[in-house]
Protein chains: 4
Amino acid sequence: MKTVLEKPNSRKSQMEKRKLILLDTAISKFAEGGFAKTTVKDIAASAGISSGLMYHYFPSKEKLLEAAIEKHIFLPQMRRILTDTKKPCREVLINIAVRFYDLLEQEKNSIRILLQEGHSNTKVKKVWDSLSSEGSAILQQFLSSRIATGELKTHNTEVTARCLFSIIFMFNFTKDIFKSSSLNDNQFIEQSIDSILNGIQSNK
Amino acid sequence: MKTVLEKPNSRKSQMEKRKLILLDTAISKFAEGGFAKTTVKDIAASAGISSGLMYHYFPSKEKLLEAAIEKHIFLPQMRRILTDTKKPCREVLINIAVRFYDLLEQEKNSIRILLQEGHSNTKVKKVWDSLSSEGSAILQQFLSSRIATGELKTHNTEVTARCLFSIIFMFNFTKDIFKSSSLNDNQFIEQSIDSILNGIQSNK
Amino acid sequence: MKTVLEKPNSRKSQMEKRKLILLDTAISKFAEGGFAKTTVKDIAASAGISSGLMYHYFPSKEKLLEAAIEKHIFLPQMRRILTDTKKPCREVLINIAVRFYDLLEQEKNSIRILLQEGHSNTKVKKVWDSLSSEGSAILQQFLSSRIATGELKTHNTEVTARCLFSIIFMFNFTKDIFKSSSLNDNQFIEQSIDSILNGIQSNK
Amino acid sequence: MKTVLEKPNSRKSQMEKRKLILLDTAISKFAEGGFAKTTVKDIAASAGISSGLMYHYFPSKEKLLEAAIEKHIFLPQMRRILTDTKKPCREVLINIAVRFYDLLEQEKNSIRILLQEGHSNTKVKKVWDSLSSEGSAILQQFLSSRIATGELKTHNTEVTARCLFSIIFMFNFTKDIFKSSSLNDNQFIEQSIDSILNGIQSNK
DNA sequence: TATGAATGAGCATTCATTCAT
DNA sequence: CATGAATGAATGCTCATTCAT
């Protein structure tokens with residue numbers, strides 16, 4: 001009975017499983033060597049399948065890239081980042097920043113592809129655009145709410161949002177360049193937020 | 001006679017000229033289509049020479065990329081950005097930011113290559129690293145000097161420097177994504193600097 | 001009960017039915033795109049079955065071609081063409097010609113395959129050979145009988161038979177090339193027969 | 001001196017030579033195994049060059065086929081066939097037929113390709129069409145001239161021309177099928193012509 | 001120097017065939 | 001029987017690199 005009931009599933013489920021593996025493998029392989037230099041054979045081998053099988057799941061190497069990027073689009077996670085709005089502004093911003101940083105860290109490969117292939121591939125570019133816009137939008141929304149509560153000065157939230165997004169994004173992206181820093185990651189994030197919040201100019 | 005005497009010179013100068021043309025062509029072609037997708041033939045044709053001749057100047061396509069990136073390394077320009085230290089801090093910072101932004105704009109192609117090939121090519125990565133570090137270092141140096149004059153609070157200049165660098169860099173990099181902004185480029189830069197200088201938190 | 005009893009029958013009949021469908025589909029698909037360019041998947045899909053199932057009926061794509069050609073061999077029909085031997089020679093010849101022409105028209109796909117694959121596939125070649133020979137033989141036989149009756153001059157019937165066969169075959173094969181002709185198909189056939197019967201030379 | 005003068009030629013001439021070899025090799029290989037089954041590698045190897053070099057001369061396998069067919073188009077030769085119009089009709093027709101037959105024999109490979117690929121490739125079809133039309137036209141023209149002189153009866157020359165063309169063409173095409181014939185090639189041709197000229201019907 | 005013909009390894013993709021389900 | 005997932009050899013084509021001229 002069990003087998004009979006499960007049989008129809010097992011093939012499909014293996015296909016689904018393999019598709020996911022393929023998507024993940026593709027992300028990491030493309031990130032590793034770039035889209036053009038990565039061969040279908042290499043991806044397939046790393047995914048544990050034959051090269052021909054890839055074409056059962058995706059019509060081309062390019063579509064595989066697009067599917068992979070779309071699977072690893074982390075918009076939902078990004079939207080989820082902004083939740084507890086009751087805490088003080090600084091705390092919330094740091095929390096957002098840290099979680100955004102972690103997300104970037106986790107999706108490092110996707111980020112790399114976004115940056116590398118965004119100019120050649122329209123769909124990839126769209127994903128990158130939507131991530132940037134959305135990231136900035138989430139922050140703007142939060143900043144506006146805190147202007148309303150009087151916690152923040154009236155200011156151009158778009159500017160601040162993009163600044164914050166840029167700082168966290170670039171911090172993540174360049175952190176192996178600046179490894180000699182005296183601060184750890186969280187300290188850096190906190191101090192960056194404080195810069196934006198308090199400024200660096202003395203009250204002369 | 002004349003020709004005999006001039007040949008070595010004219011040859012040399014032609015060689016140098018061609019090398020430079022090749023380097024510039026390479027930068028723009030690589031930026032356009034990515035390193036792997038760009039063919040030697042295409043670069044050579046755009047540079048007005050035969051594909052074989054490239055190999056007289058550079059031992060391989062990869063070395064051409066490296067030479068091209070090294071030629072377009074804009075460290076000297078970046079160093080020149082920080083000159084007039086007599087003006088008020090805000091003015092200087094804005095001036096630095098605007099000039100840095102212009103430099104990025106001008107070297108758009110190099111930037112793109114830096115980002116795209118930085119992970120595959122060691123030399124390219126080094127250039128990217130040195131640019132980031134130096135960019136941040138220049139700013140740090142300036143910030144320190146203004147802490148010394150009392151114009152700025154005592155704070156971690158490394159953090160601020162990286163923040164400023166990130167903001168300008170990302171602003172340049174993502175500006176076609178956020179075209180609907182109500183501010184023009186210079187206004188955005190100014191307000192970003194002001195955020196960092198004055199903060200956004202209200203003095204409750 | 002019913003189903004149990006009928007299954008063996010219905011299966012067999014379904015098998016036979018499918019085999020026939022497969023054969024017909026194969027003929028038209030192969031004729032359309034050539035043997036090499038036509039895929040098993042395409043044939044199977046057009047026949048309404050899975051690609052794997054083809055291999056239950058035929059051991060390979062090549063054998064399918066051979067079987068298809070053998071099924072569509074129209075020798076029996078060709079033999080049936082020559083029946084009413086009582087009518088006058090001209091009438092009979094025209095009748096033969098028209099019916100042969102119709103047969104060629106009807107088996108257009110087979111003809112095309114015969115011509116296209118006859119050189120690569122031994123069995124296909126054999127079919128083509130047997131059709132030509134038989135076609136010619138049927139005509140020879142008829143011509144001889146009419147020489148015996150005195151209706152025709154004594155002459156080399158092999159030559160005439162092949163001429164007649166060639167004329168009708170090529171007429172059918174090239175008829176879309178010569179569409180601008182002032183004659184319709186039947187008129188052309190009649191006049192061709194008359195050429196052979198009466199000649200074109202004047203009785204100077 | 002000689003070498004200096006010839007050097008510029010030698011490269012070009014080798015290219016031209018190779019192009020021609022390629023074209024001839026292609027014709028015979030495509031005729032042998034059909035277009036789809038013949039590999040570029042095979043053609044190149046038979047032509048004594050590397051597979052990649054083919055793409056210096058022709059942009060694709062398909063274009064090679066077309067170029068090959070166009071090179072082997074024998075329209076000029078066909079036109080040259082009809083020259084001596086002073087001799088008696090029968091003599092001229094036999095001469096035309098024999099020479100046409102020889103031409104077909106010589107261009108056997110082209111014919112085969114014309115027949116095999118005429119349905120898949122537009123350019124090939126055009127060549128086939130033009131050959132048939134022209135072949136028939138040449139004959140029509142001659143027949144008309146001999147009707148004018150009174151040597152031939154007034155009749156539809158289009159029909160006769162196509163009949164003659166068909167007979168010779170098919171005779172050449174099917175001659176290995178009918179090898180057991182009691183007649184040799186020339187005898188067959190002569191008797192075919194006589195059938196058309198004199199008819200086979202007895203003057204009852 | 002300068003050219004571009006020539007090479008051949010390498011790649012994306014296809015497809016006949018097999019076989020687990 | 002029937003399916004279609006899976007395989008992998010084979011193919012057209014590209015392109016960095018070499019080298020004769």
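We name chains A, B, ... by the order of the sequence lines, and we start the count at 1 in each one. These values consider heavy atoms only, across backbone and side chains, with no hydrogens, waters or symmetry-generated copies.
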Say whether, by atom type as modelled, one donor and one acceptor occur between the side chain of A:T38 and the main chain of A:K29 under 3.5 angstrom. yes
Taking 4.0 Å as the cut-off, does a side-chain nitrogen or oxygen of A:R18 come that near to OP1 or OP2 on F:dA6? yes
Stem ranges of DNA chain E by first residue number, counting only runs of at least 3 Watson-Crick or G-U pairs under 3.5 Å, come to E:2-21 with F:2-21
Ranking C:S60 and D:G52 by the position along DNA chain E of their nearest nucleotide, the one closer to 5' is D:G52
Return no unless some side-chain N or O of D:Q14 is found under 4.0 Å from OP1 or OP2 of E:dA6. yes
Need one value for D:S50: base, sugar-phosphate or nothing, where a base atom within 4.0 Å counts as base even if backbone is also close, heavy atoms only. base
Between D:H72 and D:N109, is any side-chain donor less than 3.5 angstrom from a side-chain acceptor? no
Could you state the atom-to-atom distance from CZ of D:F58 to P of E:dA6 in whole Å? 12 Å
Any C:L64 side-chain heavy atom under 4.5 Å of C:S60 side chain: no
Minimum heavy-atom distance A:E62-A:N121, with the two atoms named: OE2-ND2, 3.0 Å
When the distance from CG of A:L22 to P of E:dA12 is rounded to whole Å, what number comes out? 13 Å
May I have the distance from D:K37 (atom NZ) to F:dA9 (atom C1'), rounded to whole angstrom? 17 Å
State whether A:H56 places a side-chain N or O below 4.0 Å from either non-bridging phosphate oxygen (OP1 or OP2) of F:dA6. no
At their closest point, which heavy atom of A:F30 faces which heavy atom of A:K61, and how far apart are they? CE2-CE, 4.0 Å
With sequence neighbours excluded, tell me which residues meet salt bridge (charged side-chain N to carboxylate O under 4.0 Å, His left out) with D:K123. D:E66
Whichever of D:T38 and B:A36 has the more 5' nearest nucleotide on DNA chain F, that residue is D:T38
Assign each of D:G48 and C:P59 to its nearest nucleotide of DNA chain E by heavy atoms, then name whichever residue's nucleotide is nearer the 5' end. D:G48
Report the distance from atom OH of D:Y55 to atom P of E:dA9, rounded to the nearest whole Å. 16 Å
Sugar-phosphate, base or nothing in reach of A:Y57, heavy atoms under 4.0 Å: sugar-phosphate
Quick check: does any side chain N or O of D:Q116 sit under 3.5 Å from a backbone N or O of C:E117, one acting as donor and the other as acceptor? no
Quick check: on DNA chain F, is the nucleotide nearest A:M54 upstream (toward 5') of the one nearest A:K41, or the reverse? Name the residue that is more 5'. A:M54
In whole angstrom, what separates D:L53's CG from F:dG12's P? 16 Å
Provide, to the nearest angstrom, the distance between the NZ atom belonging to D:K61 and the P atom belonging to F:dT11. 9 Å
What is the distance from CD of D:E16 to P of E:dA6, rounded to the nearest Å? 11 Å
note: A:I49, atom CD1; F:dG4, atom P; distance rounded to Å ~ 19 Å
